[in-house]
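Sequential numbering from 1 along the given sequence is applied to the chain's residues. Atoms within a ligand are numbered from 1 in the order they appear, just like the ligands themselves.
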Amino acid sequence: MPDTHHPHLFDDQAAAALRSRLGNTFATGRTHDLAWRKRQLLAVAQWLRDADDAIMTALAADLGKPALESYGTETGFCLAEIRHTLAHLEAWAAPERVSSPMVNLPSRSWMRHQPKGVALIIAPWNYPLQLAVAPMVAALSAGCCVVLKPSELAPATSALMAEALPRVLDAEAVAVVEGDVAVSTALLAQPWDHILFTGSTRVGRVVMEAAAKHLSPVTLELGGKSPVIVSRDADITLAAKRIAWGKGVNAGQTCIAPDYVLVERAVQDRFQHEIIATFKRFYGDDPQLSPDLARICTPAHHARLVGLLDGGTILHGGRHDVRDRFLEPTLLTDVDLDAPVMQEEIFGPILPIVPVDDLDEAIAFINARPHPLALYLFTRDDARVDRVLGRTLSGGACINDTLSHIAVSDLHFGGVGASGMGGYHGVHGFRTFSHTRGVVQRYGVADVPLRYPPYAGNLKWIRKVMR
Ligand code: NAD
């Protein structure tokens, strides 16, 4: 049996042995059973409840996550996803009848949703529990076996999952392999029946290339720069509050965090005034002392973010302390559009503010860049909503809020173009890990003789039937 707790021992051979072990479990057929799937989901939920405190401690160690954010965006989020899945699983898994064409009559046609097999899930560090457990819930709901590779940059949360999940779940069907790039590379060399990767666009390309060797299907949950448009007709106080919140949660280390703001010049001053006041209200005069602000993942990430501050004028914030991995929520104006802060995903508590003359300029700005993972628009005018949604493309979108589309279980969650492909959550996660198999069942009683040779004289009848 491969040693999944000592990454240095996890090589290609260990990855092959693990793949084969889980493949054997899948071949027994026991994971197809809806009762098995439900038992696994209930066991994950029970563990999340039992380990609530331990999870908070781990997330605090890894990222300084405030307890409310730990529960709301990680533990509670996963519990809601499991509850929703358990409530709908039977309906999602039921065969779907479709109508049959005349040439096939008598017959019936339907789609079966069958588990794809053994899935590999690779998770990032920023929501180290949610982004490992929620995809695993989707894979288990579909009846797949799962190998989970958490991020090495959230070691406390990774260790917790590695210890607990195989213990509370069917350990011959679910494995957790801790480790870094080398472990990930060894795993990616194996032929998986599905790979769900969450992480950077750069590594997404590596994953897709490895998957291509075996034609393994992939879901890529990537990142990018998610813009916010603040329209001149918006409720500016509300916009400032919800944008500051979306940027402040997890210190901006959120894949769908508002990356930068495009604000109509007519309301720029008012917006800036409101968002400064909001940050002060949220985190006080000395945000380093606030218990409600998470920390930056590593000193290296911290250094990168501090470097990004050079891309504009600091309107508010800018204080930092690497010893505490602290970076104050910071507003930048007069930003250089060619500077790294406007070229790469920020992934931290820095918010550039870019004025635009009107909505058309904002739309053109967004369309000149890769499709973002999320797009946010603050307006009270439905015509403006239609205009922006109709003329742009992004993974998901929120009107008059940020982040909240991720909490709707039945909304497809995924990127488009450079921000990813495929998606999950709710029924979409179930479908991602299921193969939709089209089946026709015919009956021997009657037959349309026209399709059989010799064809002489049949064409005119076939034309009539298939018109
Ligand atoms: P990352 O791409 O560096 O790492 C993600 C995972 O891939 C980790 O488990 C890591 O060990 C592994 N990995 C790293 N390099 C690898 C390589 N060369 N080959 C194989 N595996 C490798 O991403 P990260 O820094 O952990 O996360 C931040 C990124 O993830 C951001 O771009 C963010 O937007 C994105 N993200 C996206 C979503 C989403 O749902 N779309 C959610 C969270 C984060």
Side-chain angles (χ1 to χ4, degrees), residues 7 10 12 15 62-63 73-74 77 81 120-135 138 147-155 157-158 161-162 176-190 192 195-211 213 218-226 246 249-259 296-298 300-302 304-305 343-348 370-375 394-396 403 405-407 411-425 428-429 432:
F10 196 88
D12 286 346
D62 286 335
L63 290 154
T73 66
E74 306 248 24
F77 183 97
E81 191 68 16
L120 172 65
I121 293 167
I122 301 179
W125 52 263
N126 60 331
Y127 290 83
L129 182 90
Q130 184 209 130
L131 298 172
V133 170
V147 173
L148 173 62
K149 209 296 281 172
S151 171
E152 70 280 18
L153 296 182
T157 313
S158 172
M161 293 190 291
V176 181
V177 185
E178 293 188 81
D180 58 9
V181 182
V183 169
S184 206
T185 307
L187 287 169
L188 283 169
Q190 294 302 311
W192 303 100
I195 300 174
L196 188 149
F197 168 80
T198 307
S200 60
T201 301
R202 181 185 66 80
V203 180
R205 289 199 176 91
V206 174
V207 170
M208 196 163 171
E209 216 173 307
K213 275 218 181 85
V218 290
T219 302
L220 300 178
E221 298 284 341
L222 311 178
K225 293 181 82 63
S226 298
V249 167
N250 205 28
Q253 301 165 111
T254 303
C255 55
I256 50 171
D259 191 276
I296 305 305
C297 175
T298 67
H301 288 78
H302 189 270
R304 181 186 68 82
L305 287 167
Q343 292 292 323
E344 52 186 72
E345 180 181 6
I346 295 173
F347 222 56
H371 297 315
L373 184 58
L375 185 150
S394 63
L403 313 188
H405 60 302
I406 198 172
L411 276 184
H412 184 268
F413 186 80
V416 57
S419 57
M421 63 182 68
Y424 69 121
H425 288 182
H428 311 288
T432 285

- Do any heavy atoms of S151 fall under 4.0 Å from ligand 1? yes
- Which residue supplies the protein heavy atom nearest to atom 41 (N) of ligand 1, what is that atom called, and how far is it? L222 O, 2.7 Å
- Note on the structure: dist E209:CD -> L188:CG (nearest 0.5 Å) comes out at 11.0 Å
- Which of the atoms in ligand 1, numbered in the order shown and given with their element, are less than 4.0 Å from a heavy-atom of V206? 19 (N)
- Report the member of L153, T198, V203 with the shortest heavy-atom distance to atom 5 (C) of ligand 1. T198
- Provide the number and element of each atom of ligand 1 under 4.0 Å from a heavy atom of K149. 8 (C), 9 (O), 10 (C), 11 (O)
- Output the list of atoms in ligand 1 that are nearer than 4.0 Å to some heavy atom of I122, sorted by atom number. 6 (C), 7 (O), 9 (O)
- What atoms of ligand 1 come closer than 4.0 angstrom to any heavy atom of E221? 37 (C), 38 (C), 39 (C), 40 (O), 41 (N)
- Message: With a 4.5 Å cut-off on side-chain heavy atoms, are V133 and M161 touching?
- Response: yes
- Task: Give the residue, atom name and distance (to 0.1 Å) of the protein heavy atom nearest atom 23 (O) of ligand 1.
- Result: S200 N, 3.4 Å
- Give the residue and atom name of whichever protein heavy atom lies nearest to atom 39 (C) of ligand 1, and the separation in Å to one decimal. C255 SG, 3.4 Å
- Item | Heavy-atom check, side chain of E221 versus side chain of F413, under 4.5 Å | yes
- Note on the structure: Value for CG (D62) from CH2 (W125), rounded to nearest 0.5 Å, stands at 10.5 Å
- Note on the structure: Closest to atom 27 (O) of ligand 1 among protein heavy atoms sits P124 CB, 3.4 Å
- Closest to atom 25 (O) of ligand 1 among F197, F347, F413, W125 (heavy-atom distance): W125
- Measure the shortest side-chain to side-chain distance between T219 and H428 over non-hydrogen atoms and say whether it is less than 4.5 angstrom. no
- Item | N/O separation below 3.5 Å, L131 to ligand 1 | no
- Message: Counting non-hydrogen protein atoms only, what is the nearest one to atom 35 (C) of ligand 1? Give residue, atom name and distance.
- Response: G199 O, 3.2 Å
- Query: Do any nitrogen or oxygen atoms of S184 lie less than 3.5 angstrom from nitrogen or oxygen atoms of ligand 1?
  - Reply: yes
- Task: First locate atom CG of L222, then atom OG1 of T201, and finally report the distance between them rounded to the nearest 0.5 Å.
- Result: 4.5 Å
- Message: A side-chain contact here means heavy atoms from C-beta on lying under 4.5 Å apart; do D12 and T185 qualify?
- Response: no
- Between L188 and ligand 1, which residue portion shows a heavy-atom distance shorter than 4.0 Å: side chain, backbone, both, or neither? side chain
- Message: Is there a side-chain contact between S419 and P372 in this structure, where contact means two heavy atoms from C-beta onward sitting under 4.5 Å apart?
- Response: no
- Item | atom 32 (O) of ligand 1: nearest protein contact (heavy atom, Å) | E345 OE1, 2.7 Å
- Can you find a pair of side-chain heavy atoms, one from T73 and one from N250, that are under 4.5 Å apart? no
- Interatomic distance, CG@N126 vs CG@L63, rounded to 0.5 Å, equals 8.0 Å
- Query: Taking atom CD1 of I122 and atom NZ of K149, what is their separation to the nearest 0.5 Å?
  - Reply: 7.0 Å
- Item | Worked check of side chain to side chain contact (heavy atoms under 4.5 Å, CB included) between L153 and H301 | CA-CA 11 Å; L153 296 182; H301 288 78; 3.8 Å; yes
- Item | Under 3.5 Å: N/O of N126 near N/O of ligand 1 | no
- Considering the heavy atoms of E152, write down every atom of ligand 1 situated less than 4.0 Å from one of them. 10 (C), 11 (O)
- Task: May I ask you to identify the nearest protein heavy atom to atom 17 (C) of ligand 1, giving residue, atom name and distance to one decimal place in Å?
- Result: V181 CG1, 3.5 Å
- Query: Hey, is G415 one of the residues with a heavy atom under 4.0 angstrom from ligand 1?
  - Reply: no
- Query: What do we get for A123 next to ligand 1 when only non-hydrogen atoms under 4.0 Å count, side chain, backbone, both or neither?
  - Reply: backbone
- Task: Mind checking the CZ-CD spacing from R304 to E344? Nearest 0.5 Å is all I need.
- Result: 5.5 Å
